Amino acid sequence: MTNSDAITHDVIIVGAGLAGSWAAMIAAEQGVRDVAVLSKLHPLRSHSGAAQGGIAAALNNVRPVAGTGPRGPLEQIPEGEEPVDSPELHMFDTIKGSDWLGDQDAIEILVNDAIDVIYQYEHMGCVFSRTPDGRIAQRRFGGHSAPRANFAADWTGHVLLHTIHEQALKHGVKFYSEWYVMDVIIEDNIVRGVVAINILTGEVHLLRAKAVMFATGGYGRAFKITSNAFANTGDGVAIAYDAGAPLMDMEFVQFHPTGLYRHGILMSEACRGEGGYLLNKDGERFMEKYAPDKMELAPRDLVSRSEQREIDEGRGVMEDGQAIWLDLRHLGREKIMERLPQVRELAIDFAGVDPIEEPVPIQPTAHYSMGGIPTDNNGQVIADAQGTPIVGFYAAGEVACVSVHGANRLGTNSLLEASVFGRRAGYAIAEFIKNGAKLHPVTGDPAERNRRMIQEMLDNPGKELVEDIAQELKATMTANCGIFRDDEKLKRALKDVRELQERFKHARVMDKSRRFNTDLLAALETKHLLTFSEVIVTGALNRTESRGAHARTDYPKRDDENWLKHTLARKGEDGRPELSYKDVTIFWDRFPPQERKY
């Protein structure tokens, strides 16, 4: 097969979650006739659908009942009464949550576009939960100063994804289900297309395009306990990095406080937003020691560290002492069934516990990647600290780093980021195409290169098992590059990752067939895990401070003098990450750095 046999589209979007589907829908709506979305899953299995608790926007539909305090009951705000929330307050909360590493120009766009995006979802038919008078219901979430989580029970991501997928189909977007992208073609700093394998047939294809967007999600599967689906193996960040694009702030990995014990399956932050308690083995609501004002609704990095300290100091629960109780019993059956039905099902199915009757064992779980492929505020991938664009290459959602989350993401800002910046990327791509973007030629035969690589993996007679390598990687990343880090642990993790990279060269793929070869896919995914894990550890080792989710016990303080900057990692000629740094965008007259207290 030659380049003349390539599949050609104006726009190819990799990933069918919220960011990718928004971009596809908007580009098509704006008149781009030939938009294709590739997904290694069925599009409606994308991980955006797993988000439970809400999507942030300062709608001002509800407020705390007067005199009940910051964690008391909520009531709807009568029409015309004084608002309790604003985009400005949402912006400050997000900046503070980011530990001042978020770029404030991007955060301002996020919070100002939020309200319009929510109402656009509503007008497209999204079934939000409602206040008694029919407005969109809102609840509290960690790190937010007002109730601004707009939700659909605890199925929020699910209903948003179905809504936007339906709209993309309506506008004629073509979806390639179960196609796995292996390579992005970048020549002379211009994107040319991608190479992908049709999982059903095993055939490798070159797909050419004038614009390519990555919306491939996160990489929680680099860790042993994670809330992420099996598909979240960081393919997009690894492929972009291997193709010469930089990665930004990869050392910042968020651990969610409430993953089901031993499984990591998410018990939504909505559990705490609705008033759930965290208890240690003594029945103590221990968050009073760590965040007396916000308690269980402090930001995720702080709550996760507090839980881990309780566990490390011997106040955990279960036989091994590695869990904490999430107690919802006082909320009552009616509220749990109305607001948290999926959470209840998950607790019953996977922990054998009904939260109406008993507390649920939970533990911190790898959840979200603040870092990723650096982009400008319109999703354009940038190649360096000076902002040089990679022409025709875009990214949005968790694979990208705008950066609105900085060192720590607030809950409900991820669905918002994917929607806002997926939409913005869609407009930017449409403008790029309509302004005369060209279909650039491809040198050589990248599809054939990838076919040879696959054949070499299939023919490898090595003694190593891919699954063993993947499990050892997850164990060292969890133990040595997890919630708490130090120089010794990070050096151990780096040594382990590099040894595993060498061992992977001798890994064998046991299934030699072509059709739906999940063994081969697991090998490709493990290769990606090994690639970006080295970047995470290298960035963490170099950043000699604690900031947000990056908590070093040997450097416990935030160091604005030396580290108020983003990490950029590029693959060097020796294959190792080369680090450089760029300034954080700060509005010094409005939101200068301050101590982060809750």
Side-chain angles (χ1 to χ4, degrees), residues 17-23 25-26 46-61 85-98 102-122 124 126 128-129 136-152 155-161 163-164 215 217-218 254 268-270 273 299-300 367-370 372 375 377-379 395-406 408-426:
L18 283 186
S21 293
W22 261 107
M25 189 271 283
I26 290 294
S46 299
H47 201 55
S48 295
Q52 297 166 334
I55 176 170
L59 299 190
N60 272 300
N61 290 343
D85 200 7
S86 67
E88 188 87 350
L89 184 58
H90 187 185
M91 184 175 177
F92 174 73
D93 288 344
T94 300
I95 292 165
K96 183 179 178 182
S98 81
D103 286 319
Q104 294 180 14
D105 58 336
I107 293 171
E108 188 163 43
I109 289 167
L110 179 81
V111 301
N112 285 333
D113 284 8
I115 296 168
D116 184 53
V117 160
I118 298 301
Y119 288 132
Q120 191 170 351
Y121 270 124
E122 183 181 40
M124 290 189 295
C126 184
F128 287 107
S129 295
I136 296 171
Q138 297 181 285
R139 58 182 162 212
R140 299 181 181 87
F141 249 65
H144 291 278
S145 299
R148 65 171 71 101
N150 307 281
F151 63 95
W155 296 91
T156 311
H158 180 88
V159 299
L160 297 182
L161 181 61
T163 300
I164 198 67
Q254 180 172 88
S268 170
E269 190 163 320
R300 290 173 177 175
H367 181 63
Y368 190 87
S369 42
M370 273 73 74
T375 73
N377 294 335
N378 295 311
E398 196 172 350
V399 73
C401 187
V402 182
S403 147
V404 290
H405 307 308
N408 173 66
R409 175 175 72 76
L410 294 187
T412 68
N413 271 353
S414 60
L415 291 178
L416 180 62
E417 181 214 11
S419 303
V420 165
F421 289 98
R423 186 172 78 156
R424 290 179 73 88

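It should be emphasised that the depicted structure is a prediction, and the values quoted were computed from it without experimental measurement.
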Any chance you could lay out the side chain to side chain contact (heavy atoms under 4.5 Å, CB included) test for Ile55 and Phe128, step after step, and finish with the verdict?
CA-CA 10 Å; Ile55 176 170; Phe128 287 107; 4.2 Å; yes
Please test Arg300 against Tyr368 for side chain to side chain contact (heavy atoms under 4.5 Å, CB included), starting from the C-alpha separation and ending with a verdict.
CA-CA 11 Å; Arg300 290 173 177 175; Tyr368 190 87; 5.6 Å; no
Test side chain to side chain contact (heavy atoms under 4.5 Å, CB included) on Ser145 and Phe92; report intermediate values, then the result.
CA-CA 9 Å; Ser145 299; Phe92 174 73; 5.6 Å; no
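Minimum interatomic distance between Phe141 and Gly54 (heavy atoms only, all atoms of both residues): CZ-N, 4.4 Å. Minimum heavy-atom separation, Val399 to Ala395: CG1-CB, 4.4 Å. Shortest non-hydrogen contact noted between Val159 and Ala152 is CG2-CB, 3.5 Å. A pairwise comparison of heavy atoms in Gly20 and Ala215 identifies N-CB, 3.5 Å as the closest pair.
Atoms OG and CD1, from Ser419 and Ile118 in turn, are 7.0 Å apart once rounded to the nearest 0.5 Å. In this structure, CE in Met25 is found 4.5 Å from CH2 in Trp22, a value given to the nearest 0.5 Å. Separating the CG atom in Leu410 from the CD atom in Glu417 is a distance of 12.0 Å, to the nearest 0.5 Å. Considering SG of Cys401 and CG of Asp103, their distance stands at 7.5 Å, rounded to 0.5 Å.
Side-chain atoms of Glu269 come within 3.5 Å of backbone N or O of Gly142 as a donor-acceptor pair. Panel note: side chain Gln52, backbone Ser268; a donor-acceptor pair is recorded below 3.5 Å. Side chain of Asp85 to backbone of Asn60: no donor-acceptor contact under 3.5 angstrom is found. A donor-acceptor distance shorter than 3.5 angstrom exists from the side chain of His144 to the backbone of Gly411, with no hydrogens or angles considered. No donor-acceptor distance shorter than 3.5 angstrom exists from the side chain of Ser98 to the backbone of Asn408, with no hydrogens or angles considered.
Listed by chain and number, the residues in a side chain to side chain contact (heavy atoms under 4.5 Å, CB included) with Gln138 are Leu59, Asn61, Val62, Arg148, Asn150 (sequence neighbours excluded).
Paired with Leu160 under the rule side-chain contact (heavy atoms from CB on, under 4.5 Å), one option of Ile164, Thr163, Thr156 passes, and it is Thr156. Residue Ser369 is tested with Gln254, Arg409, Glu398 for a side chain to side chain donor-acceptor pair (under 3.5 Å); the sole match is Glu398.
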Show the atom names and distances, to 0.1 Å, of all donor-acceptor pairs under 3.5 Å that link a side chain in residues 104-114 to residues at least two apart or in another chain.
from   : atom 1 : to     : atom 2 : distance (Å)
Gln104 : OE1    : Phe587 : N      : 2.8
Gln104 : NE2    : Phe591 : O      : 3.1
Asp105 : OD2    : Asn377 : ND2    : 3.3
Glu108 : OE2    : Arg590 : NH1    : 3.0
Glu108 : OE2    : Arg590 : NH2    : 3.2
Asn112 : ND2    : Glu108 : O      : 3.2
Asp113 : OD2    : Arg424 : NH1    : 3.3

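Side chains of His90 and Asn413: a donor on one and an acceptor on the other come within 3.5 Å.
At a threshold of 4.5 Å between non-hydrogen side-chain atoms, the residues Val404 and Phe421 count as touching.
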